[in-house]
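Have a look at the structure below, then the notes.
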There are 4 protein chains.
Amino acid sequence: MARITGSNGARTAAAIRQAALGLIYRQGFAAMNLRDLAAEVGIQPSSLYNHITSKQALLFDLMQEHMQTLLDSTDAALAAAGPGLMERLRAFLAHHVLYHMERRQEVYIANFELRALDPPNHRQIVAMRQDYEARLMALLEEGVALGELVVGDIPVTAYAMLAMLTGICTWYRPSGRLEKAELVALHTELALNGIRRR
Amino acid sequence: MARITGSNGARTAAAIRQAALGLIYRQGFAAMNLRDLAAEVGIQPSSLYNHITSKQALLFDLMQEHMQTLLDSTDAALAAAGPGLMERLRAFLAHHVLYHMERRQEVYIANFELRALDPPNHRQIVAMRQDYEARLMALLEEGVALGELVVGDIPVTAYAMLAMLTGICTWYRPSGRLEKAELVALHTELALNGIRRR
Amino acid sequence: MARITGSNGARTAAAIRQAALGLIYRQGFAAMNLRDLAAEVGIQPSSLYNHITSKQALLFDLMQEHMQTLLDSTDAALAAAGPGLMERLRAFLAHHVLYHMERRQEVYIANFELRALDPPNHRQIVAMRQDYEARLMALLEEGVALGELVVGDIPVTAYAMLAMLTGICTWYRPSGRLEKAELVALHTELALNGIRRR
Amino acid sequence: MARITGSNGARTAAAIRQAALGLIYRQGFAAMNLRDLAAEVGIQPSSLYNHITSKQALLFDLMQEHMQTLLDSTDAALAAAGPGLMERLRAFLAHHVLYHMERRQEVYIANFELRALDPPNHRQIVAMRQDYEARLMALLEEGVALGELVVGDIPVTAYAMLAMLTGICTWYRPSGRLEKAELVALHTELALNGIRRR
DNA sequence: TATGAATGAGCATTCATTCAT
DNA sequence: GATGAATGAATGCTCATTCAT
């Protein structure tokens, strides 16, 4: 019989994922150990295995869920934007910054723990990343074709823009000096100004 | 009789540092183990301790040397630039990109293994990083004061620019499609356009 | 369901303590290694840590339990003795000798591995030792006050008596030439004659 | 060419033995390490081997020299004593106590590091110990034959007396409350009263 | 005689994982 | 679903000792 959502088991599983995000974000995947994870959840290490398959599988699940959410919410943001190229590009960038502030742990992990993945898992996550990057590159290409953007090299520019906007998740704290909206605006302008026809 | 320079000891120590850079860059500090490091150098694990104090001290030494070199070479680049603000800013950015391509292992480690440092070591390296960031912030402030730059928020902009230019060390390979000089030019323009008075 | 008493866990823990007593007695704490201890118990070295916190904590536990037992059984022996000073003194000495024959491993360890204790543990065990010695000194003082004993110097005499009676645990073997009762009688007389009013 | 006494090498060798006595006395042979020993002497660990054959041989040498000195000085003390049994017994006991105060490090090591000796070395030192104990047993036997002593069991009594008098080396400090002569007198009386015909 | 570098064996301890209960 | 006990592999590090210089 299937357990209902919110049952004890599901709550434990969610707590594990939440605690794992924090620990991996703070210490790194290799440095995190399952004793600490279990302790943070309030169970014994062996009990983790009622909810996860392995440490590696836990990492993969966290990354995969994050990437899928990122792709889906990006597509939703693009669909909701106006039809113009600049409108869509601005929507992509704004969404990226906002998402990277709000889910900085997942983002950080997905960016910097790729090397901790087993080769098959690695391939899968890298493919999802490339999917995501491809959306930006397509927008840049379109902008160049329309004559609205000046881009020296599309992939290099896309990587540079993403690196700039992603950097926010290494230092952003909700309690910081600036509002989210301000940070989104600042970063979006910075990125757009870099390539907009002057 | 005194040992000659370049003797076995000094060569071994250098080989350890070189091998450690590669291993930490590829696997991360926590995931790297001293047995592999020793094997790569061609000595026994216990022999490492004739040259390092501990795994932690090795990491700290690598980081500290890198940060000092970065600070010194940056100052040299600034001193060699023309007197104008834009000349010095461009020199800073170009130097940053070039350095991050040429010593991408050290850079990557210094950026992403900060959390692996013991608290006292952490404090010291963070202070050196802030020293470095302060140089860019000072240039931005000067540019704003002169009316040559339009900067929404100095620290946020500095972090965003550094993140963009630093990103290159996550994907750059010497065998890649573009020349170093091209990459330097592309990145410098991208960063400058973001803030230059239009 | 709760585990029953005498389950595997409790039995293993007891076996570890028993084996540790023998190994430390024979080889000394520093020379004993946990591999040998595990082998003697019939488990893997890593399994020791399901039952002990550390090698140091194991030593401390063994010592502390011994000292508490010694104090408690001494008090019981004194309470069971007749009211006279000489009866109580004789009871103390006889109990000491008997205890030191029957638990010579614990006694030997508690006497000669004090230096292997961490400072905080050391302080605690030394305090218990002083508690024990104080009982003998109090009896000697009482005897001197009553005029039944001739004692040149109370602490020095107490230490000398304890050293004499404790010495038995360095050579006593149950299979030896003399019965326990004979040894107790011999030692008690030797000690008492040394200080009894002639 | 033979080096003259007091040369650098001889001085280093003596310093090693002196430092080793202190370290083994304080930490135990197994817990002492040659790094610390070398550091205390002011040389590098590898240099120790110009003066000692091995850690084990160092221990054996220290013990052997001590035992020989003990035997020789005991014989001298016995020869210097008056001809009477009690005079010689008293001389033995007094010498034992004095020697054990003055060379308490050597004595402590010889008593409690026997188990650290290799079997051949162990046999040799044990034989010397038995030689020493035999001198006391012979005196006790003679006293019993003469009717001057009352001894329940000669070996047990000898061991008990030696344990009592040896105990002083575990707590004696030159800066203590009592003079050496007082301690010698106290202990000698304590031991003699235990067995003297009343 | 002294030393820096190297070594192989060993050490206490950690870790992810398993499994019977 | 949870747990205590067990495990095998591994980890950073120490140690006595060797040896060319």
Side-chain angles (χ1 to χ4, degrees), chain A residues 3 7-13 30-38 41-56 58, chain B residues 1-4 7-13 30-38 41-56 58, chain C residues 1-4 7-13 30-38 42-56 58, chain D residues 3 7-13 30-38 42-56 58:
Chain A
R3 294 216 160 224
S7 74
N8 231 355
R11 246 183 287 131
T12 303
M32 173 198 75
N33 69 68
L34 297 187
R35 275 168 179 73
D36 288 350
L37 176 59
V41 175
I43 59 177
Q44 296 300 318
S46 53
S47 302
L48 288 173
Y49 288 84
N50 291 317
H51 305 280
I52 68 173
T53 305
S54 69
K55 194 188 174 192
Q56 168 72 209
L58 170 60
Chain B
M1 199 177 105
R3 294 210 161 227
I4 54 167
S7 74
N8 238 355
R11 244 184 288 132
T12 302
M32 171 195 77
N33 73 69
L34 298 186
R35 276 164 177 76
D36 287 352
L37 176 59
V41 176
I43 60 176
Q44 295 300 316
S46 54
S47 301
L48 288 173
Y49 287 86
N50 289 319
H51 306 279
I52 69 173
T53 304
S54 66
K55 193 188 176 193
Q56 168 72 208
L58 171 60
Chain C
M1 203 176 104
R3 296 211 161 225
I4 54 169
S7 73
N8 238 356
R11 243 183 290 132
T12 303
M32 172 196 76
N33 71 68
L34 297 186
R35 279 166 176 74
D36 288 350
L37 176 58
I43 59 177
Q44 295 300 315
S46 55
S47 302
L48 289 173
Y49 288 85
N50 290 317
H51 306 280
I52 68 173
T53 304
S54 67
K55 195 187 174 194
Q56 166 73 208
L58 170 60
Chain D
R3 292 214 162 225
S7 73
N8 229 356
R11 246 184 286 132
T12 302
M32 172 197 76
N33 68 68
L34 298 187
R35 275 170 179 72
D36 288 349
L37 176 57
I43 59 176
Q44 295 300 315
S46 54
S47 301
L48 289 172
Y49 288 85
N50 290 316
H51 306 279
I52 68 173
T53 306
S54 68
K55 194 187 175 194
Q56 169 72 210
L58 170 61

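Sequence lines set the chain letters: A, B, ... in the order given, protein chains first and strands last, and positions in each chain run from 1.
OP1 or OP2 of F/dG4 has at least one side-chain nitrogen or oxygen of A/Gln44 nearer than 4.0 Å. Within the structure, every side-chain polar atom (N or O) of D/Ser47 is placed at least 4.0 Å from both OP1 and OP2 of E/dT1. For E/dA5, neither phosphate oxygen OP1 nor OP2 lies less than 4.0 angstrom from any side-chain nitrogen or oxygen of B/Thr12.
Here the nucleotide nearest the side chain of D/His51, chosen from F/dT17, E/dA2, E/dT7, is E/dA2. The A/Arg35 side chain lies nearest to E/dA16 when the options are F/dT7, E/dA16, E/dT7. Taking the side chain of D/Ser54 as heavy atoms from C-beta on, and the options F/dT17, E/dA16, E/dA6, the nearest nucleotide is F/dT17. Residue C/Lys55 places its side chain closer to E/dT13 than to any other of E/dT13, E/dC11, E/dA6. The side chain of A/Asn50 approaches F/dT3 more closely than any other nucleotide in the set F/dT7, F/dT17, F/dT3. Residue D/Ser46 places its side chain closer to E/dG4 than to any other of F/dT11, E/dT18, E/dG4.
Mapped onto DNA chain E by nearest heavy atom, C/Asp36 and C/Thr53 fall at different nucleotides, with C/Asp36 at the one closer to the 5' end. When the nearest nucleotides of DNA chain E are assigned to B/Ile43 and A/Ala31 by heavy-atom distance, the more 5′-ward of the two goes with B/Ile43.
Between the base of E/dA5 and the side chain of B/Asn8 there is no donor-acceptor pair shorter than 3.5 Å.
Of the options A/Asn33, A/Leu34, A/Leu37, a side chain to side chain contact (heavy atoms under 4.5 Å, CB included) to A/Lys55 is made by A/Leu34 and by none of the others.
Base pairing of F/dA20 is made with E/dT3, judged by Watson-Crick or G-U wobble geometry with both donor-acceptor distances under 3.5 Å.
The distance from atom OG1 of A/Thr12 to atom CG of A/Asn50, rounded to the nearest 0.5 Å, is 9.0 Å.
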